[in-house]
Structures are given as structure tokens and as C-alpha cells.
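Residue indices begin at 1 and follow the sequence shown. Whatever order the structure lists ligands and atoms in, that order sets their numbers, starting from 1.
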Amino acid sequence: MKFCFIVGTRPEVIKVAPVYKFFLQMNEEAFVVATAQHREMMDMMLNVFEIKARYDLNVMTHDQTLDDVVASIMQRLPKILQIERPDILLVQGDTTTALSCALCAFHWKIPVAHIEAGLRSHDLYDPFPEEMNRRVIDAVSEYLFAPTNKAKENLIKEGIEENRIHVVGNSVVDALKIIKEKFDLHEIRSRTVPFERYILLTLHRRENIGERMISILSGVARFAMEHDVHVVLPVHKNPKVRQIVFETVRANHRFFLMEPVDYVTFLALLEGCWFVVTDSGGVQEEAPSFGKFVVVARRTTERPELIESGFGALAGASEESVYRAMVSASEVELDSVENPFGDGKTSERIWRILRSVTR
Ligand code: UD1
Ligand code: UDP
């Protein structure tokens, strides 16, 4: 059996890395195709996990459109599929990389396995275009690896046959466990930020870009000023995000702006923060493992488990709602680190399932 693993963006590398590495450990024939939808941020993560892609499609262009990314991948991937003829192609999540590669594999009648299947916000335009991407990927996939029972229920409601769905947890918990075991996060944090108490903030969602992002930043700034606390913000490489962040808070001395940091440093920042404000998917899934509360700066969520387990609040994206959610978060005391998204054994489960069905 030959397994082809696809990565293109930062979160895909983080969540695919432990699965791919587990397959190699089990002596499977496996290789990585990197689309490089994110050039710098993808490379940074491949370095952290010491992964070398067998093929690099190098699709990223400055200010790329969704159509540019789809078109470049769909032109370049088939040549590789023809040369390698993998038995199964694995994609992760809901990016344009995952969508394009799943569709390509479907055209070439290569079975697709979807890691992180079944997430739904139930709003086609929020997150955009990810909600559509997920639905299409799930529709063309033969193996649907749902992280939670809720994700499985979403798929069943859409009429997907139960025997295609496997609840395995989220591989992000495998990834963070690997890093936690290998590095001294406390020591890394102490040489990265000069404060004892800080809020960790990340922002990048397409639907937040514009007025909403300015409002979120204003809500965070108000909280930081009133509570005399710093805000550590690694700024995403998206030029549109950078422009808004720099124009809105660069002059505010409470904001500590950084370039995107490698995964080890990010987890160190997460471990040491007071609480998190984010519109990221992955960060929501990681925070519970560090006992950190998450203010989700979005209007919808496909990760209700975070809120139901008491680890987060859906704050919306207005200045007032984010500020209020932060005030509430500052009063929360968490003593659990039980992660509702996984237990660190997702990679092994995926391997066992694919081995048993493909022998
Ligand atoms: C993509 C995913 C999103 C995921 C996010 C992770 C889609 C539709 N969206 O969003 O689900 O949460 O990645 O961060 O696939 N850029 C650089 N260098 C980099 C990375 C990005 O310059 O290393 C620039 C790109 O050229 C582009 C912009 O950032 O102009 C946005 O990147 P893109 O991949 O189109 O979408 P994201 O918003 O990053
Ligand atoms: N992350 C990182 N460095 C940073 C910011 C985030 O390594 O400077 C990691 C974070 O731990 C998480 C992932 O990137 O695992 C989330 O990526 P992003 O928010 O870009 O995408 P999403 O998860 O929303 O798709």
C-alpha cells in the first residue's frame, strides 16, 4: 500500500505530521506532497517536524485568489498522481489545498481519506470558503476521520453512510504531545516574551478581515488598558491581516507584535498565557491541553465541544462583545486539562483503520 499525504498551510502540516510520522514508524510506504499554499508558514512547520516533502507544487503567489490556488494545484497534482499511483490520498481539514487535492484524487479514482471530517458551522459563508470546502471533501472521501461524536452526527445527518465514518479524535493533540515531551516550553517562553502575564491573540480569518478585525483589536486593546496587561500577537503572513494589525495597534505599547512563530514557540506562548483570544481553529483545539480559556472572536463555530466543555466562549466580532467576553474570561478558573478534541492516539487509530480496510 502506498499512502500520499497532502499539506499546504501551517495547520495542515501540524495536524498531518504526527499521522505521517506514525505511518513511517509502522514501515508503511508513505510520502508527502506539499502544495506550498503557504510558502513561509508551511516550511516553518515542516522544519519543526523534520519532514521533507517528496514533491513541492510551489503554488503560492503574492495576494493569491482562491481560484489561483485551485487552478495551480489542479494543474500540477495529476502529474504526480500518475507517476506515484498512491492507493490512498490523505487530506486534512478544510483549506483550498485539501479541497483541490481531494477533488483531483476523486477524478483519478484514488480513494480519499479525510482527517478532521464532519466539522460544520452550518453557515456556508462563515467560515468562507472553508464550510463549503469541508462539505465537498466529505462528499468525495471514502474514509471520514471525525474528531468527535458531534462531527460524526453532522455527517450522518447529511446522509453519509455510517461505515465510512470513524471517530478518532483530532491529531492536533498528538502533535502537541510530541512537542511537549521533547521541549522545555517554560524555558522557551522565558526567552521569547518579557512579561509574566499576557493575553495570547491570533487573527487571520477571511470573514474577519476588514471592519470586524479592527473591532476585535479595539475590544482587546480596551481590555488590555483597563486590566494593565500585555497582548502577545504573532501576526499572520496574510498581507491584508498585516495591514490592519499594523495600522490599528502597532503604536499601542501594550501590544507585543511578532512574526509568526514556530510551533514549539507558539505552544510555549500558549502554556504561559493568561487566556487566549483567537479566530483560529487549531488554537481552540490546543488550548484545553494547557488548561487555557479561549475567547473565540467569531460569529459561528464548528467546534461546539470547546464551549460545552467550559473551555471557551463564542464572542462574536464586535468591540463590545469581545471586550465583555474577555472580562468574563478573566474571571474563569480552570482546573481541568482534559481535552475534548483528542487524547493523542489519533494517528494510531487512523493507521489501524486504514490497514484493516486496505489489506
Ligand atoms: C488558509 C486557509 C484557512 C486556514 C489558514 C491557516 C483556505 C481557503 N484558507 O487561509 O482555512 O485557517 O490558511 O493559516 O485555504 N501568505 C504569505 N506567506 C505565507 C502564508 C500566506 O505570503 O507563508 C499570504 C498568501 O500569499 C495570501 C495570503 O497570505 O495572499 C492568504 O493566504 P491563503 O492561503 O490564501 O489564505 P489564508 O487566509 O491564509
Ligand atoms: N501557530 C503557530 N505559530 C503562530 C500561530 C499559530 O505555530 O505564530 C499554530 C497553532 O499552534 C495552531 C495552528 O498554528 O496549531 C493554527 O493555524 P491557523 O490559526 O493559521 O489556522 P487554523 O487552525 O485556523 O486553520
**Prompt:** Which is closest to atom 19 (C) of ligand 1 in terms of heavy atoms, Glu40, Glu130, Arg206, His204?
**Reply:** Glu40
**Message:** Considering Asp43, Thr96, Val69 one by one, which has a heavy atom nearer to atom 8 (C) of ligand 1 than any of the others?
**Reply:** Thr96
**Thr97 contact mode with ligand 1 (heavy-atom cut-off under 4.0 Å)** = neither
**Prompt:** Which ligand 2 atoms does Tyr263 reach within 4.0 Å, using its non-hydrogen atoms?
**Reply:** 7 (O), 11 (O), 15 (O)
**Item:** Within reach of ligand 1, part of His236 (heavy-atom separation under 4.0 Å)
**Value:** side chain
**Prompt:** Looking at ligand 2, does Met41 have a heavy atom less than 4.0 Å from it?
**Reply:** no
**For Pro234, atoms of ligand 2 separated by under 4.0 Å from a heavy atom** = 8 (O)
**Prompt:** How does Pro11 reach ligand 1, by side chain, by backbone, by both or by neither, if only non-hydrogen atoms under 4.0 Å count?
**Reply:** side chain
**Message:** Does the plane of the ring in Phe223 sit parallel, tilted or perpendicular to the ring in Trp274? Use 30° and 60° as the thresholds.
**Reply:** tilted
**Prompt:** Taking both backbone and side-chain atoms of Gly282, is any N or O found less than 3.5 Å from an N or O belonging to ligand 2?
**Reply:** yes
**Message:** One thing to verify: whether Glu271 and Lys292 come together as a salt bridge, which I'm taking to mean a side-chain N less than 4.0 angstrom from a carboxylate O.
**Reply:** no
**Request:** Identify which of Gln64, Met60, Met132 has a heavy atom lying nearest to atom 17 (C) of ligand 1.
**Result:** Met60
**Request:** Would you mind telling me which of Val232, Thr202, Val276, Val264 makes a side-chain contact (heavy atoms from CB on, under 4.5 Å) with Leu269?
**Result:** Val232
**Message:** Thr202 versus ligand 2: do any nitrogen or oxygen atoms come within less than 3.5 Å of each other?
**Reply:** no
**Complete:** of all protein heavy atoms, closest to atom 6 (C) of ligand 2 is Arg10 CZ, 3.5 Å
**Item:** Aromatic centroids of His230 and Phe195 separated by under 6.0 Å
**Value:** yes
**Request:** Using heavy-atom distances, let me know which of Asn133, Asn238, Ile14, Leu66 sits nearest atom 29 (O) of ligand 1.
**Result:** Asn238
**Message:** Give me the nearest non-hydrogen protein atom to atom 13 (C) of ligand 2 as residue plus atom name, then the distance to 0.1 Å.
**Reply:** Ile14 CD1, 3.7 Å
**Request:** Could you grab the distance from atom CD of Gln92 to atom CG of Asp94, nearest 0.5 Å is fine?
**Result:** 7.5 Å
**Message:** Please verify the inter-ring angle class for Phe5 with Phe3; under 30° counts as parallel, over 60° as perpendicular, anything in between as tilted.
**Reply:** tilted
**Message:** Give me the residue, atom name and distance of the protein heavy atom closest to atom 3 (N) of ligand 2.
**Reply:** Val261 O, 2.7 Å
**Prompt:** For the residue pair Gly8 and Thr97, what are the closest heavy atoms and their distance?
**Reply:** CA-OG1, 3.8 Å
**Prompt:** Any non-hydrogen atom of Met42 lying under 4.0 Å from ligand 1?
**Reply:** no
**ligand 2 to Val172 polar contact by distance, N or O atoms, under 3.5 Å** = no
**Item:** Nearest-contact summary for atom 12 (C) of ligand 2 - protein heavy atom, Å
**Value:** Glu286 OE2, 3.4 Å
**Message:** Any non-hydrogen side-chain atom of Asp43 less than 4.5 Å from a side-chain atom of Leu46?
**Reply:** yes
**Message:** Using a 4.0 Å cutoff against the non-hydrogen atoms of Arg39, which atoms of ligand 1 qualify?
**Reply:** 19 (C), 23 (O)
**Request:** Would you mind listing which atoms of ligand 2 come within a distance below 4.0 Å of any non-hydrogen atom of Arg205?
**Result:** 24 (O)
**Request:** Just need the protein heavy atom nearest to atom 19 (O) of ligand 2, so name the residue and atom and give the distance.
**Result:** Ser280 OG, 2.7 Å
**Message:** Return the CD1 to CG distance between Ile115 and Leu144, rounded to the nearest 0.5 Å.
**Reply:** 11.5 Å
**Request:** Number the atoms of ligand 1 from 1 as they appear, then name those within less than 4.0 Å of a heavy atom of Met41, with their elements.
**Result:** 20 (C), 23 (O)
**Prompt:** Are Tyr263 and Phe266 close enough that their ring centers fall under 6.0 Å?
**Reply:** no
**Request:** Determine yes or no for a side-chain-to-main-chain donor-acceptor pair under 3.5 angstrom, with Ser171 supplying the side chain and Lys15 the backbone.
**Result:** yes
**Prompt:** Honestly, is Arg206 close enough over Phe128, meaning NZ or CZ under 6.0 Å from the six-membered ring centre and within 45° of the axis?
**Reply:** no
**Request:** May I ask you to decide if the ring planes of Phe145 and His166 are parallel, tilted or perpendicular, using 30° and 60° as cut-offs?
**Result:** tilted
**Prompt:** What atoms of ligand 1 come within less than 4.0 Å of a heavy atom belonging to Pro129?
**Reply:** 8 (C)
**Message:** Among all the protein's non-hydrogen atoms, which is closest to atom 37 (P) of ligand 1, and how far away is it?
**Reply:** His38 NE2, 3.9 Å
**Lys52 to Phe31, cation-pi by 6.0 Å centre distance and 45° axis angle** = no
**Asked** Starting from atom 25 (O) of ligand 2, which protein heavy atom do you reach first, and at what distance in Å?
**Response** Pro11 CG, 3.4 Å
**Any N/O pair Glu259/ligand 2 closer than 3.5 Å** = no
**Message:** When you measure from the heavy atoms of Val241 to every atom of ligand 1, does any distance fall below 4.0 Å?
**Reply:** no
**Prompt:** Any idea which atoms of ligand 1 are less than 4.0 Å away from a heavy-atom of Gln37?
**Reply:** 1 (C), 7 (C), 15 (O), 33 (P), 34 (O)
**Asked** Do the side chain of Arg298 and the main chain of Thr300 share a donor and acceptor less than 3.5 angstrom apart?
**Response** yes
**Complete:** atom 24 (O) of ligand 2 sits nearest the protein heavy atom Gly281 N, 2.8 Å
**Prompt:** Relative to Phe246, does Arg242 satisfy both conditions: NZ or CZ under 6.0 angstrom from the six-membered ring centre, and within 45 degrees of the ring's axis?
**Reply:** no
**Prompt:** What is the closest protein heavy atom to atom 7 (O) of ligand 2, and at what distance does it sit?
**Reply:** Met45 CE, 3.2 Å
**Request:** Please report which non-hydrogen protein atom sits nearest to atom 26 (O) of ligand 1, along with the residue it belongs to and the distance in Å to one decimal place.
**Result:** Thr61 O, 3.3 Å
**Item:** Gly316 backbone acceptor or donor facing Arg299 side chain under 3.5 Å
**Value:** no
**Prompt:** Can a salt bridge be assigned to the pair Arg120 and Glu158 using a cut-off of 4.0 Å between side-chain N and carboxylate O?
**Reply:** yes
**Message:** Please list, in number order, the atoms of ligand 1 under 4.0 Å from a heavy atom of Pro239.
**Reply:** 24 (C), 28 (C), 29 (O), 30 (O)
